[in-house]
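Scroll down for the structure; my scribbles are underneath it.
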Amino acid sequence: MKCINYLQKLLLLFPLAVLSCSTDNGVLIVPEVKYELSGGAGHYDYAPSFIRDEYGIIYGFLCENRDPFKIVDYIYLYKGIPTENGYDWQPGTQIIAPSDTGWDNCHICDPDVREFRTVWKGETYDWIMTYLGVDQWDCCHNQIGLAVSKCIEGPYIKYDGNPIVPYEGRDKWGTGQSTTIVKNDSTIVLYYHSTTENGPYCRREIILNDLDNIRLGEEESVPHLSPNSYPMYSGDRIYMVSEMRSPEYDRTRIPTWVGDHCRVAWMPIDGDMLSEEDPWTVIGDITPELSGFPRNHNPGFLTDTRGYMPDDDRIVVYFTPAVTGEDWLWSYDLYSATFDLK
C-alpha cells in the first residue's frame, strides 16, 4: 500500500490540526454510522470518491487490491442503486491499473472523479479523474495524474502528458490524495497532500478544458488542516473532512500512522482559507465510539458530479475503519457517516 512508510513518520512528527470551534449553536452533530461495502476476504478498500448523479445513483471510486492478500493498489468502481431499503451496491469493477512502466507502475490509487468537459487530440470527454501514481516500492515519489472518459463508468484513458502535478524528489512522499472542485467551464481547483515547501496540504487552480494547453496555477499552502483533508463546496460554505488524531491517541497500536477519528468542519465560501487565523468551525466527528473501530481514516464526502454538496439538510462522509494488530489491512471496508443538519 503506497504511503504507509511515509505517513507513519509524518503522523508521528506532524501534529494534526486541532479544530476547537463548534457548530453555529455550539452543539456538535453526532452522525449515523453504518457499513456500506467490502471487497471481500483478502481485500482492502479505502480513499473514497463518491458522487451522486441526478437519478440518485452513487458511483464510488476507491482503492482496492486486485489479487487477494497481495498489496498492490488499483482503482475500482462500486455502483450504488437506490432502493426502498437503502443502496444496493453492485460488485466492484476494476477501472484503472498500474502501468507496465513509467511514473505509475507500482500503485495507482486515490481517485477523484468529476464531470468536466475537456478536449484532447480532437476528442471531447465529459469526465476527468485525478489520481495518485507511484513508481517506487518505498512509497516515495508519488505524483498526480489525469485520466479522461466519455462516460462516468469508463473506460478511463490515461493522459499521455502525465503526471500533471509532478514531484521531482525521490526521497520524500511527493504529491497525491487529490480532490477536485469544478470552478467553471475551464478551471478546476485541485486540493492535495504534498511534501513540497508549501505542504503538507496545498491547493492550486488548473485550466484544464484543453489538454493540449494545460495551465497550472501557483501552488498555495493551506494551513490549519491535516495532510488527509478533503473539501466539498456548497452555495455559501466550504466543508472539509479531515483524518485526525485525538490527544489520547495510542501511538503504539499498529497501524500507528492511521488516525483515530475524522472531523467535519466548515468555513464561509468567501472566507480566507489561507489565513494565519484558523477559519474552520467544527460540525462533528466520526469517532471510535461511533464506528466500533479504533482507527477511522481516509474520509471523503458524497458530492454531486462537480464536487458540490448534493443535499442542503445532510452531509454524508464515506470512510474506512480499521482494527489494530496484524490483521489491520484486511479490515479495510467502507462505512458511511450521515450528519443531519436539520
Side-chain angles (χ1 to χ4, degrees), residues 1-6 37-51 58-80 89-114 116 118 120-121 123 125-167 170 173-180 190 192-193 211 298 300 318 320 329-330 332-334:
M1 187 176 294
K2 54 148 192 0
C3 53
I4 290 173
N5 295 336
Y6 166 73
L37 59 89
S38 170
H43 292 272
Y44 52 80
D45 296 282
Y46 73 103
S49 170
F50 279 57
I51 59 180
I58 294 179
Y59 297 87
F61 297 86
L62 46 76
C63 298
E64 184 176 308
N65 58 320
R66 184 186 64 187
D67 304 315
F69 300 103
K70 184 176 181 179
I71 305 174
V72 178
D73 288 358
Y74 293 73
I75 293 174
Y76 274 71
L77 167 62
Y78 282 82
K79 185 176 179 180
W89 292 103
Q90 306 301 298
T93 301
Q94 180 186 312
I95 298 297
I96 301 185
S99 300
D100 293 333
T101 61
W103 74 281
D104 62 349
N105 68 338
C106 291
H107 296 287
I108 179 171
C109 53
D110 293 336
D112 187 76
V113 173
R114 294 291 179 248
F116 181 84
T118 188
W120 182 33
K121 297 181 179 179
E123 293 283 332
Y125 298 89
D126 293 314
W127 299 90
I128 62 170
M129 175 194 294
T130 58
Y131 65 91
L132 178 152
V134 64
D135 58 358
Q136 295 183 191
W137 291 109
D138 66 357
C139 304
C140 291
H141 198 230
N142 295 279
Q143 301 178 91
I144 298 173
L146 176 72
V148 296
S149 178
K150 296 187 177 183
C151 174
I152 189 173
E153 297 187 31
Y156 282 84
I157 305 168
K158 295 180 181 179
Y159 174 55
D160 62 4
N162 279 333
I164 62 168
V165 182
Y167 187 83
R170 289 188 169 271
W173 188 82
T175 59
Q177 298 175 320
S178 60
T179 303
T180 300
L190 189 72
Y192 56 98
H193 176 191
L211 298 192
N298 278 315
Y318 289 91
T320 300
L329 182 55
W330 314 119
Y332 276 24
D333 298 327
L334 256 291

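Taking 4.5 Å as the limit, every side-chain heavy atom of L62 sits out of range of all side-chain heavy atoms of T320. In this structure, Y332 and H43 have side chains that are not in contact, with every pair of non-hydrogen atoms separated by 4.5 Å or more. Side-chain atoms of K150 and Y125, non-hydrogen and from C-beta on, do get closer than 4.5 Å to each other. Contact of the W330 side chain with the N65 side chain is registered, since non-hydrogen atoms from C-beta on lie closer than 4.5 Å. Considering only heavy atoms from C-beta on, I128 comes within 4.5 Å of V148 through its side chain. Counting heavy atoms from C-beta on, the side chains of Y44 and D73 come closer than 4.5 Å.
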Using residues 93-102 as the side-chain source, report each donor-acceptor pair under 3.5 Å to any protein atom, sequence neighbours left out, with the distance given to one decimal.
residue, atom, partner, partner atom, Å
S99, OG, D104, OD1, 2.7
S99, OG, D104, OD2, 3.4
S99, OG, K158, NZ, 2.8

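By the side-chain contact (heavy atoms from CB on, under 4.5 Å) test, P111 is found to be paired with F61, C63, I75, M129, residues two or more places apart in sequence or in another chain being considered. Residues that satisfy the side-chain contact (heavy atoms from CB on, under 4.5 Å) test with E153, not counting sequence neighbours, are Y59, L77, K79, C151. With sequence neighbours excluded, no residue satisfies salt bridge (charged side-chain N to carboxylate O under 4.0 Å, His left out) with D333. Qualifying ring-ring contact (aromatic ring centres under 6.0 Å, His included) partners for Y76, counting only residues two or more places apart in sequence or in other chains: none. Under the rule for a side chain to side chain donor-acceptor pair (under 3.5 Å), the partners of S178 that lie at least two apart in sequence or sit in another chain are T130. Listed by chain and residue number, nothing satisfies the side-chain contact (heavy atoms from CB on, under 4.5 Å) test with P155 (two or more places apart in sequence, or in another chain). Every side chain to side chain donor-acceptor pair (under 3.5 Å) that D160 has, sequence neighbours left out, goes to K121. For T118, there are no side chain to side chain donor-acceptor pair (under 3.5 Å) partners at least two apart in sequence or on another chain. Residues satisfying the ring-ring contact (aromatic ring centres under 6.0 Å, His included) criterion with Y131, sequence neighbours excluded, are W103. In this structure, W120 has no side chain to side chain donor-acceptor pair (under 3.5 Å) partners at least two apart in sequence or on a different chain.
Formation of a donor-acceptor pair under 3.5 Å by the N142 side chain with backbone atoms of W173 is found in this model. Side-chain atoms of D135 do not come within 3.5 Å of backbone N or O of N105 as any donor-acceptor pair.
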Should V72 and W137 be marked as a side chain to side chain contact (heavy atoms under 4.5 Å, CB included) after you check the CA-CA gap, both sets of side-chain angles, and the distance that decides it? CA-CA 10 Å; V72 178; W137 291 109; 4.2 Å; yes
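Residue pairs meeting the salt bridge (charged side-chain N to carboxylate O under 4.0 Å, His left out) criterion with at least one partner in residues 63-72, sequence neighbours excluded, do not occur; the list is empty.
Between C109 and Y46, the shortest heavy-atom distance links the atoms SG-OH, 4.1 Å. Shown here for D138 and C140, the closest heavy-atom pair between the two residues is OD1-N, 3.0 Å. Considering every non-hydrogen atom in both P48 and N298, the closest pair reads CD-O, 2.9 Å. Here the closest heavy-atom approach between residue L211 and residue L146 is recorded as CD2-CD2, 3.8 Å.
Between the CG atom in L190 and the CD1 atom in I164 there is a gap of 6.0 Å [rounded to 0.5 Å]. The structure places CZ of F116 at 11.0 Å from CG of D126, a figure rounded to the nearest 0.5 Å. Atom CG of L132 sits about 9.0 Å away from atom CD1 of I108, to the nearest 0.5 Å.
Ring centroids of F50 and W89 are separated by less than 6.0 Å, placing the two rings close together.
A donor atom on one side chain and an acceptor atom on the other are not found under 3.5 Å apart for D45 and Y318.
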